[in-house]
Amino acid sequence: MQICKTISETRAAIAQARQAGQTIGFVPTMGALHQGHFSLVSQSCAQCDFTVVSIFVNPTQFGPNEDLNAYPRTFDADCQGCQKLGADLIFAPSAAEMYPKPNLTWINVEKLTEHLCGTSRPTHFRGVCTVVAKLLNIVQPDRAYFGQKDAQQLAVIQRMVADLNFPTTIVPCATVREEDGLAMSSRNAYLSHEQRRLAPVLYQTLQNAAELIKQGNTNATDIIAAMTEKITTQTPGQIDYISIVDKELLHPVATIEAPVLIALAVRIGKARLIDNIVVDPS
Ligand code: PAF
């Protein structure tokens with residue numbers, strides 16, 4: 001497995017693989033890899049001849065008071081994990097390599113970024129879209145793999161790739177959970193022992209909401225109230241949002257009549273945890 005720090009060596013290695021007739025799979029990450037990321041790498045290795053994993057903590061997707069500096073960095077372990085699974089190339093650029101000049105060109109996906117994480121992180125998705133567009137231009141993969149835990153990110157990237165005609169298939173991958181249901185996240189590392197013990201309540205809350213909908217409750221306000229009650233009474237978490245949105249534009253719905261995304265973001269200690277499920281009322 002090759003480790004490349006520059007765009008030019010990365011492009012040269014990928015060009016060789018292409019010339020040899022290989023298909024290219026791509027897993028973009030910010031490092032601190034866990035089983036969720038590794039499941040994306042495994043899928044890429046199973047479906048593509050040459051797998052590229054990028055490790056880059058992208059400064060443009062963090063807001064001024066967010067955890068850019070504290071974000072966990074475990075580069076050696078990340079590389080070992082990827083190598084074991086059969087990845088072919090790690091692209092690990094510096095910030096100066098990715099942004100040699102102050103960035104003046106941004107990609108904004110409208111509508112889909114108005115709610116959920118877009119409300120409390122107003123510049124987050126333009127940073128994500130811009131870096132993902134740059135990475136797709138550098139790697140030019142046949143397929144790129146994204147986790148459904150970041151459901152809004154996945155929807156936004158799918159729309160960007162469709163709107164801008166990137167020749168890459170976006171492959172959505174299922175959320176990987178700990179045994180107690182907590183969605184795997186690099187930010188789980190911020191949780192204390194006690195916070196970690198209580199964090200699975202978030203997924204239980206999503207499951208309870210699904211159950212209420214299956215029992216025939218279609219009123220989004222009632223379901224959000226039940227979810228709020230459970231999280232505030234059973235965890236020390238501060239709710240950033242709990243939303244029930246349509247699957248097309250991710251806008252809140254009042255009545256649940258078609259498949260919806262139920263999503264939440266909760267701060268527990270230093271960790272801002274997100275999770276979601278899709279529920280079909282039929
Ligand atoms: O999901 C992430 O880790 C990041 O948002 C991504 C897609 C690698 C862009 O920096």
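The residues of the chain are indexed from 1 along the displayed sequence. We count ligands from 1, going down the list as the structure has it; atoms in each ligand are counted the same way.
Atom CG of residue Leu273 and atom CD of residue Gln195 lie 9.0 Å apart, to the nearest 0.5 angstrom.
Looking only at heavy atoms of the protein, atom 3 (O) of ligand 1 is closest to Met30 CG, 3.6 Å. For atom 10 (O) of ligand 1, the closest heavy atom belonging to the protein is Gln61 OE1, 2.6 Å.
Side chains of Val139 and Ser54 form no contact here, defined as non-hydrogen atoms less than 4.5 Å apart. In this structure, the side chains of Leu135 and Phe56 stay at 4.5 Å or more apart for every pair of heavy atoms.
With respect to the salt-bridge test (charged N to carboxylate O, under 4.0 angstrom), the residues Arg272 and Glu66 do not qualify.
In terms of N/O distances under 3.5 Å, ligand 1 is not approached by Asn58.
Close approach of ligand 1 to Gln153 (heavy-atom distance below 4.0 Å) involves ligand atoms 1 (O), 2 (C), 4 (C), 5 (O), 7 (C). Close contacts of ligand 1 with Thr29, meaning ligand atoms under 4.0 Å from a residue heavy atom, involve 8 (C). Against a heavy-atom cut-off of under 4.0 Å, Val131 is close to the following atoms of ligand 1: 9 (C), 10 (O).
A donor-acceptor pair shorter than 3.5 Å can be found between the side chains of Tyr99 and Thr60.
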